[in-house]
2 protein chains.
Amino acid sequence: MKKTILIFGALVLALLTLFQLSTYSLVSSNTSIEVIIAGIAIVFFVIGVLINKKVLHKDKDTTREIDHKKIKSIGLSKREYEVLCEIALGLSNKEIAEKLFVSESTIKTHVSNVLVKLDAKRRTQAIQIAKELQIINF
Amino acid sequence: MKKTILIFGALVLALLTLFQLSTYSLVSSNTSIEVIIAGIAIVFFVIGVLINKKVLHKDKDTTREIDHKKIKSIGLSKREYEVLCEIALGLSNKEIAEKLFVSESTIKTHVSNVLVKLDAKRRTQAIQIAKELQIINF
DNA sequence: GGTAATTTCATACTTTAGTATGAGTCGTTT
DNA sequence: AAACGACTCATACTAAAGTATGAAATTACC
């Protein structure tokens with residue numbers, strides 16, 4: 001947050017400098033009017049694009065980044081979360097068991113725990129809920 | 001596409017007019033230099049923001065809009081697609097049957113057809129595949 | 001008007017998913 | 001050391017999901 005304020009302040013300063021420089025150049029008539037105006041136009045155009053990009057980029061991030069704090073607050077263990085991710089990829093219990101080198105019984109236990117903690121009745125519903133909680137990537 | 005070119009042309013024209021107007025105002029000294037520069041700056045800033053917004057908006061649309069043509073090319077019927085969407089929402093066959101006012105048998109038939117057409121072994125995998133094909137919203 | 005595709009439903013069956021319970025192991029914490 | 005949480009596994013069971021097959025009604029299309 002402090003960084004943002006600092007950058008913003010520097011930007012304002014730079015703009016004021018540019019402003020003064022422009023008026024000075026015009027008064028002293030060292031440079032042609034068109035060049036100054038074109039320069040101003042380009043600079044502000046770029047600034048507009050950059051600011052807009054930053055704002056929209058933040059939006060995209062918040063909708064795609066996974067919320068690790070929420071995972072803990074829900075009470076999902078590391079292994080349970082792993083299983084949840086594999087479920088979301090469309091794997092069966094047997095396939096998950098083979099992928100994680102454990103028995104299918106173990107996966108069933110994990111799945112049951114995940115369903116309880118996410119308050120879901122089925123694995124498909126768990127996927128949906130996990131997505132809404134921004135716990136998994138989609 | 002023609003519309004875009006037309007708008008772009010109009011924009012360029014408007015900018016040139018503004019440009020000429022600015023230089024004229026400066027030469028005739030009817031307006032203060034600062035006001036003109038500030039005006040130019042604001043106009044180009046806004047233009048930059050708008051253009052950037054349009055470009056990024058298009059990106060978002062392409063990643064989120066569902067591909068109706070692909071649904072047809074896969075061979076999914078209207079009802080089968082409906083069922084697919086309900087599956088993605090995490091509903092069971094029974095719940096889907098109640099929501100669409102048909103029997104569970106019917107839903108099972110539709111689900112089987114969907115799985116074959118999407119080349120999926122399970123409904124969870126069907127969700128994943130449908131997502132990759134940009135057939136359903138996520 | 002006939003044909004094809006869609007939608008509907010049923011029955012019987014196999015497979016997968018999910019629940020309940022109990023228990024052993026391992027690492028951490030107190 | 002004892003207690004705790006996380007991970008593992010098994011067995012036995014119930015519930016859903018998915019397959020196969022056949023068939024009737026509806027709709028769409030030529």
Side-chain angles (χ1 to χ4, degrees), chain A residues 66-133 135-136, chain B residues 66-133 135-136:
Chain A
I66 55 179
D67 196 339
H68 294 280
K69 295 166 194 168
K70 201 170 278 177
I71 296 174
K72 281 189 179 178
S73 74
I74 290 168
L76 282 178
S77 73
K78 197 195 294 179
R79 206 59 163 166
E80 284 162 356
Y81 178 70
E82 275 185 287
V83 172
L84 173 60
C85 291
E86 301 299 336
I87 288 175
L89 290 176
L91 300 187
S92 69
N93 290 337
K94 198 177 184 181
E95 288 170 339
I96 299 173
E98 287 166 2
K99 194 170 180 178
L100 300 184
F101 303 106
V102 293
S103 78
E104 197 183 338
S105 307
T106 307
I107 300 301
K108 281 190 177 185
T109 307
H110 288 321
V111 171
S112 267
N113 291 333
V114 168
L115 293 182
V116 169
K117 288 174 182 176
L118 288 185
D119 196 29
K121 291 173 185 171
R122 285 161 295 281
R123 48 172 58 210
T124 50
Q125 198 181 1
I127 296 173
Q128 185 70 11
I129 292 171
K131 195 206 78 195
E132 281 170 5
L133 293 173
I135 277 178
I136 55 176
Chain B
I66 53 180
D67 195 340
H68 294 281
K69 295 166 193 168
K70 202 169 278 177
I71 296 173
K72 281 188 179 177
S73 74
I74 290 168
L76 283 177
S77 73
K78 196 194 295 180
R79 207 58 163 166
E80 284 162 357
Y81 178 70
E82 275 185 287
V83 172
L84 173 61
C85 291
E86 301 299 335
I87 288 174
L89 290 176
L91 300 187
S92 68
N93 289 338
K94 199 176 183 180
E95 288 170 339
I96 298 173
E98 286 167 3
K99 194 169 180 180
L100 300 183
F101 303 106
V102 293
S103 79
E104 197 183 338
S105 308
T106 307
I107 300 301
K108 281 190 176 184
T109 307
H110 288 322
V111 171
S112 269
N113 291 333
V114 169
L115 293 183
V116 170
K117 288 174 182 177
L118 288 184
D119 196 29
K121 291 174 185 171
R122 286 161 294 282
R123 48 171 58 208
T124 49
Q125 198 181 2
I127 296 173
Q128 185 70 12
I129 292 172
K131 194 206 79 194
E132 281 170 6
L133 293 174
I135 277 178
I136 55 176

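These values consider heavy atoms only, across backbone and side chains, with no hydrogens, waters or symmetry-generated copies. So that the names make sense, note that chain A is the first sequence line, chain B the second, and so on, each numbered from 1. The shown structure was predicted, so the numbers you read here are calculated from the model rather than taken from an experiment.
- Note: NZ (K108(B)) to C1' (dT8(C)) measures 15 Å, nearest angstrom.
- Remark: the R123(A) side chain and the N93(A) side chain contain an N/O donor-acceptor pair separated by less than 3.5 Å.
- S103(B) has a side-chain polar atom (N or O) that falls below the 4.0 Å cut-off from OP1 or OP2 of dC9(C).
- The nearest heavy atom of DNA chain D to E104(A) and to T124(A) marks one nucleotide each, and the one closer to the 5' end goes with E104(A).
- Residue S77(A) has a polar side-chain atom (N or O) positioned under 4.0 Å from OP1 or OP2 of dC7(D).
- Residues T106(B) and H110(B) are in side-chain contact: their nearest non-hydrogen atoms beyond the backbone lie under 4.5 Å apart.
- For the pair Y81(A) OH and dA6(D) P, the computed distance is 17 Å after rounding to whole Å.
- Spacing between atom NZ of K121(A) and atom C1' of dT14(D) amounts to 17 Å, rounded to whole angstrom units.
- dA17(C) atom C1' lies 9 Å from atom CG of L115(A), rounded to whole Å.
- If you measure from atom CD of E80(A) to atom P of dG5(D), you get 13 Å, rounded to the nearest angstrom.
- Between dA16(D) and N93(B), no contact under 4.0 Å exists linking OP1 or OP2 to a side-chain N or O.
- Taking atom CG on L100(B) and atom P on dC9(C), their separation rounds to 11 Å, with Å as the unit.
- The minimum heavy-atom distance between I96(A) and E86(A), with the atom names listed, is CG1-CB, 3.7 Å.
- Summarising the geometry, the separation between CZ on R79(B) and C1' on dT6(C) is reported as 11 Å, rounded to the nearest angstrom.
- Comparing the end axes of the helix from dG1(C)-dC30(D) to dT30(C)-dA1(D), each fitted to five base pairs by superposing C1' atoms of four pairs onto the next four, gives an inter-axis angle of 50° (nearest 10 degrees).
- Contact annotation: H110(B) reaches the phosphate of dT8(C) (side-chain N/O to OP1 or OP2, under 4.0 Å).
- Side-chain proximity of R122(A) to dG18(D), dA17(D), dT7(C): nearest is dA17(D).
- Between R123(B) and dG18(D), a side-chain N or O to OP1/OP2 separation shorter than 4.0 Å is present.
- A130(A) approaches L84(A) most closely through the heavy-atom pair CB-CD2, 4.0 Å.
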